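Predicted model, so just to flag it, every value in this text is computed and none were measured.
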Amino acid sequence: MNLNVSEPASEVANLKGPAGPYHRVLLKLSGEALAGPKGYGIDQQTLMAISSQIKRLRLELDVQIGVVIGGGNIWRGTEAAQFGMDRAQADYAGMLGTIINALAFQDALERSQVTTRVQTAINVYSVAEPYIRRRAIRHLEKGRVVVFAGGTGNPYFSTDTAAALRAVEISAQIILMGKNGTDGVYDADPRVTPSATKIDRLGYSQALNQGLGVMDATALSMCMENNLPIVVFDINVEGNIIKAVRGEKIGSLIH
């Protein structure tokens with residue numbers, strides 16, 4: 001929880017809103033981030049730690065927040081497909097995993113007194129609303145956190161692509177990429193290459209051409225086409241979500 005975080009670009013401070021640079025944000029959480037130190041499943045302490053930061057953003061700073069959650073802590077469709085499972089079937093299973101995570105996250109937020117709605121790209125009427133863009137925006141305007149589950153609702157697309165798509169649809173000003181134990185973008189995988197160098201800021205084309213693993217190419221291209229900045233930071237460092245929304249210099253900026 002005390003990792004040293006380097007400084008990204010100062011360009012983040014260009015947008016102005018009630019809490020600092022940003023008034024409406026899209027937070028992308030990997031499924032692994034919800035697993036905490038266990039590395040699998042859902043860690044309740046981690047959920048509550050993230051929820052407490054979102055509560056502060058929502059109730060104290062009046063930031064409108066959408067959240068997209070991955071499902072890698074429960075199911076990884078690409079890995080199942082590598083072992084021979086039908087890729088579309090594997091991806092649908094992964095989408096269901098994101099719904100499980102979204103419901104758990106909704107519960108944690110509401111225990112923190114943050115009104116939350118879950119919207120899914122796959123219809124699961126008993127537990128969540130279907131995704132409707134105008135309704136999602138209305139929820140945000142009313143101060144509710146909206147958790148978008150089910151990915152895009154289509155196989156062959158990652159939750160990174162879902163995050164980029166939802167961010168563009170709701171007119172978010174930035175995507176906050178909360179990573180599990182990685183404090184930014186590196187020129188190599190720091191878990192494999194200890195000498196990897198952190199890149200404080202980079203352009204979309206650099207991230208695409210060098211294959212730096214920020215997000216998949218489809219998602220990154222969508223962000224580039226819509227001039228949507230991305231901040232990559234370590235979700236495990238307390239207060240990092242708040243710092244990112246305020247435009248403080250943490251993690252890596254892709255713009």
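Formation of a donor-acceptor pair under 3.5 Å by the Thr161 side chain with backbone atoms of Phe157 is not found in this model. Listed for the Tyr204 side chain is a donor-acceptor partner under 3.5 Å among the backbone atoms of Leu228. Gln173 places a side-chain N or O within donor-acceptor distance of the main-chain N or O of His23, the cut-off being under 3.5 Å. Looking at Thr98, its side chain does come within 3.5 Å of a backbone N or O of Gly150 through a donor-acceptor pair. A donor-acceptor pair under 3.5 Å links the side-chain atoms of Asp216 to the main chain of Thr218, judged by distance alone. Panel note: side chain Arg58, backbone Gly143; a donor-acceptor pair is recorded below 3.5 Å. For the pair Glu110 (side chain) and Ala108 (backbone), a donor-acceptor distance under 3.5 Å is absent. Between the Ser51 side chain and the Ala49 main chain, no donor and acceptor come within less than 3.5 Å of each other. Although no hydrogens or angles enter the test, the distance criterion places a donor-acceptor pair under 3.5 Å between the side chain of Ser252 and the main chain of Ile199. Within the 3.5 Å criterion, the main-chain N or O of Gly251 finds a donor-acceptor partner in the side chain of Lys198.
Shown here for Ile170 and Arg24, the closest heavy-atom pair between the two residues is O-NH1, 2.7 Å. Between Ala35 and Asn73, the shortest heavy-atom distance links the atoms CB-CB, 4.1 Å. When every heavy atom of Trp75 is checked against every heavy atom of Ala93, the shortest pair comes out as NE1-CB, 3.5 Å. Listed here is the closest heavy atom pair of Gly70 and Thr159: CA-OG1, 3.7 Å. Nearest heavy-atom pair, Ala164 versus Ala219, reported as atom, atom and distance to 0.1 Å: CB-O, 3.7 Å. Closest heavy-atom contact between Gly31 and Asn101: CA-ND2, 4.1 Å.
Linking ILVMFWY residues whenever their side-chain heavy atoms come closer than 4.5 Å, directly or via other members, leaves Val124 and Tyr92 in distinct clusters. Note on Val25 and Leu61: same hydrophobic cluster, where clusters join Ile, Leu, Val, Met, Phe, Trp and Tyr whose side-chain heavy atoms are under 4.5 Å apart, directly or indirectly. A single hydrophobic cluster is seen to contain both Leu208 and Leu165, as judged by linkage of ILVMFWY side chains at heavy-atom distances under 4.5 Å, directly or through other members. Residue Ile74 is grouped with residue Met85 when hydrophobic side chains (ILVMFWY) are merged at heavy-atom distances under 4.5 angstrom, including chains of intermediate members. Clustering ILVMFWY residues whenever any of their side-chain heavy atoms sit less than 4.5 angstrom apart, transitively, puts Tyr186 in a cluster other than the one holding Val231.
The side chain to side chain donor-acceptor pair (under 3.5 Å) pairs that include a residue from residues 122-131 are Gln119-Glu129, Asn123-Tyr125, Glu129-His139, Tyr131-Glu169, where partners are two or more places apart or lie in different chains. Among pairs with a residue in residues 89-101, those fulfilling salt bridge (charged side-chain N to carboxylate O under 4.0 Å, His left out) read Arg87-Asp91, at least two apart in sequence or across chains.
Leu220 has its side chain within reach of Ile230: a pair of non-hydrogen atoms, C-beta onward, lies under 4.5 Å apart. The side-chain heavy atoms of Ile50 and Phe105, taken from C-beta on, include a pair separated by under 4.5 Å. Using a 4.5 Å heavy-atom cutoff, the side chains of Arg117 and Arg138 are not in contact. Looking at Asp160 and Met177, their side chains come closer than 4.5 Å, going by heavy atoms from C-beta outward. Contact check for Ile174 versus Leu26: no side-chain heavy atoms found under the 4.5 Å cut-off. Looking at Leu34 and Asp43, their side chains never come closer than 4.5 Å, going by heavy atoms from C-beta outward. Residues Val118 and Val127 form no side-chain contact, since every pair of their non-hydrogen atoms from C-beta on lies 4.5 Å or further apart. Within the 4.5 Å cutoff, no side-chain heavy atoms of Lys179 are placed close to those of Ile235.
Looking only at atom types and distance, the side chain of Asn240 has no donor-acceptor partner in the side chain of Asp234 under 3.5 Å away. For the residue pair Gln106 / Arg111, no side-chain donor-acceptor distance below 3.5 Å is found, with atom types taken as modelled.
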The test is side-chain contact (heavy atoms from CB on, under 4.5 Å); show your working for Met222 and Val168 and say whether it passes.
CA-CA 8 Å; Met222 186 178 296; Val168 171; 4.3 Å; yes
Set out, in order, the CA-CA distance, both residues' side-chain angles and the distance that settles side-chain contact (heavy atoms from CB on, under 4.5 Å) for Val232 and Ile254, then state yes or no.
CA-CA 8 Å; Val232 182; Ile254 301 94; 3.6 Å; yes
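Between the CG atom in Leu59 and the OG1 atom in Thr115 there is a gap of 8.0 Å [rounded to 0.5 Å]. Of the inter-residue distances, the one linking Lys243 atom NZ with Leu176 atom CG reads 14.0 Å to the nearest 0.5 angstrom. Atom CG of Leu57 sits about 12.0 Å away from atom CD of Gln64, to the nearest 0.5 Å. With values rounded to the nearest 0.5 angstrom, Ser221 atom OG is found 10.5 Å from Met215 atom CE. One finds the CE atom of Met48 at 8.0 Å from the CG atom of Asp107 (value rounded to the nearest 0.5 Å). The distance from atom CD1 of Ile175 to atom CG of Leu27, rounded to the nearest 0.5 Å, is 10.5 Å.
When the shell of 6.0 Å around CD of Gln45 is examined, it contains 12 or fewer heavy atoms from other residues, nucleotides or ligands. Within a 6.0 Å sphere centred on CD of Gln89, heavy atoms belonging to other residues, nucleotides or ligands number 12 at most.
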